[in-house]
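This report concerns only the one structure given below.
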Amino acid sequence: MTFQGESDLVVLIGRYANGRYALRLITSRGEPLATVSVNMPDVAIAADHVILQDSGDFEGMVNWLVGRGVITHPLYVVLTDDGTRYPVCALKSV
């Protein structure tokens, strides 16, 4: 997968201030590219789950992360008031 012109991507698993998992993409040179996850504190999710972006610039990101063995296929979807769908997946490498 190529994202923002970069094809050699590294996934960093970190945490938001509220303890939820955060997935970030960096280049193989260590340059930050994007945060793939979304922190929605008001949405109840399991401790090993993560809410992801998979539309617009992030289209195909979930499939790419599944293929890399980082996450499971989406378990369910969070639908926001504006109609945006955010897949929720379990982390495999926790």
Side-chain angles (χ1 to χ4, degrees):
M1 169 178 222
T2 300
F3 183 77
Q4 294 183 359
E6 296 285 338
S7 58
D8 196 9
L9 305 172
V10 177
V11 179
L12 293 180
I13 300 173
R15 294 207 183 243
Y16 292 106
N18 63 357
R20 290 204 172 169
Y21 283 103
L23 297 183
R24 293 180 176 89
L25 293 181
I26 63 170
T27 68
S28 59
R29 299 174 307 280
E31 299 166 344
L33 284 177
T35 300
V36 180
S37 56
V38 180
N39 190 11
M40 295 182 179
D42 296 335
V43 176
I45 59 173
D48 65 338
H49 289 181
V50 62
I51 303 170
L52 299 167
Q53 300 183 63
D54 195 43
S55 60
D57 290 344
F58 295 92
E59 188 172 346
M61 187 61 65
V62 168
N63 286 335
W64 183 78
L65 291 167
V66 168
R68 300 262 322 228
V70 177
I71 59 171
T72 64
H73 286 279
L75 304 170
Y76 56 96
V77 172
V78 172
L79 184 63
T80 60
D81 291 339
D82 67 359
T84 304
R85 300 169 59 90
Y86 293 95
V88 179
C89 304
L91 287 170
K92 287 187 164 184
S93 54
V94 180

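Here the closest heavy-atom approach between residue Tyr76 and residue Ala44 is recorded as OH-O, 3.8 Å. For Leu91 against Tyr21, the heavy-atom pair with the smallest separation is CD1-CG, 3.2 Å. Smallest separation of non-hydrogen atoms from Cys89 and Pro74: SG-CA, 3.6 Å. The two residues Met61 and Gln53 have their closest heavy-atom pair at CB-O, 4.0 Å.
Follow the hydrophobic side-chain contacts under 4.5 Å out from Leu75 and you reach Ile45 in the same cluster. No chain of hydrophobic side-chain contacts below 4.5 Å, direct or via other Ile, Leu, Val, Met, Phe, Trp or Tyr residues, connects Val88 to Val62. Under a hydrophobic-cluster definition in which Ile, Leu, Val, Met, Phe, Trp and Tyr are linked whenever side-chain heavy atoms come within less than 4.5 Å, directly or via other members, Val38 and Val11 are assigned to different clusters.
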message: Go through it in stages, so that I can follow the logic: the residues are Val50 and Val36, the test is side chain to side chain contact (heavy atoms under 4.5 Å, CB included), and I'd like the CA-CA distance, side-chain angles, deciding distance and then a yes or no.
response: CA-CA 10 Å; Val50 62; Val36 180; over 6 Å; no
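Using a 4.5 Å heavy-atom threshold, the side chains of Tyr16 and Ser37 count as touching.
Arg20 CZ to Ile51 CD1: the interatomic distance, rounded to the nearest 0.5 Å, is 5.5 Å. For the atom pair Leu79 CG and Tyr86 OH, the distance stands at 10.0 Å (nearest 0.5 Å). If you take CD1 on Ile13 and NZ on Lys92, they are separated by 12.0 Å, rounding to the nearest 0.5 Å. Atom-to-atom distance recorded for Asp54:CG and Trp64:CH2 is 12.5 Å, nearest 0.5 angstrom.
The local environment of CG in Asp82 is crowded, with over 12 non-hydrogen atoms from other residues, nucleotides or ligands closer than 6.0 Å.
The side-chain contact (heavy atoms from CB on, under 4.5 Å) test applied to Asn63 returns no partner, not counting sequence neighbours.
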Side chains of residues 65-72: which donor-acceptor pairs under 3.5 Å do they make with residues two or more places apart or in other chains?
| from | atom 1 | to | atom 2 | distance (Å) |
| --- | --- | --- | --- | --- |
| Arg68 | NH1 | Leu9 | O | 3.3 |
| Thr72 | OG1 | Ala90 | N | 3.1 |

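With a 4.5 Å cut-off between side-chain heavy atoms of Ile, Leu, Val, Met, Phe, Trp and Tyr, the cluster of Leu12 takes in Val10, Ile26.
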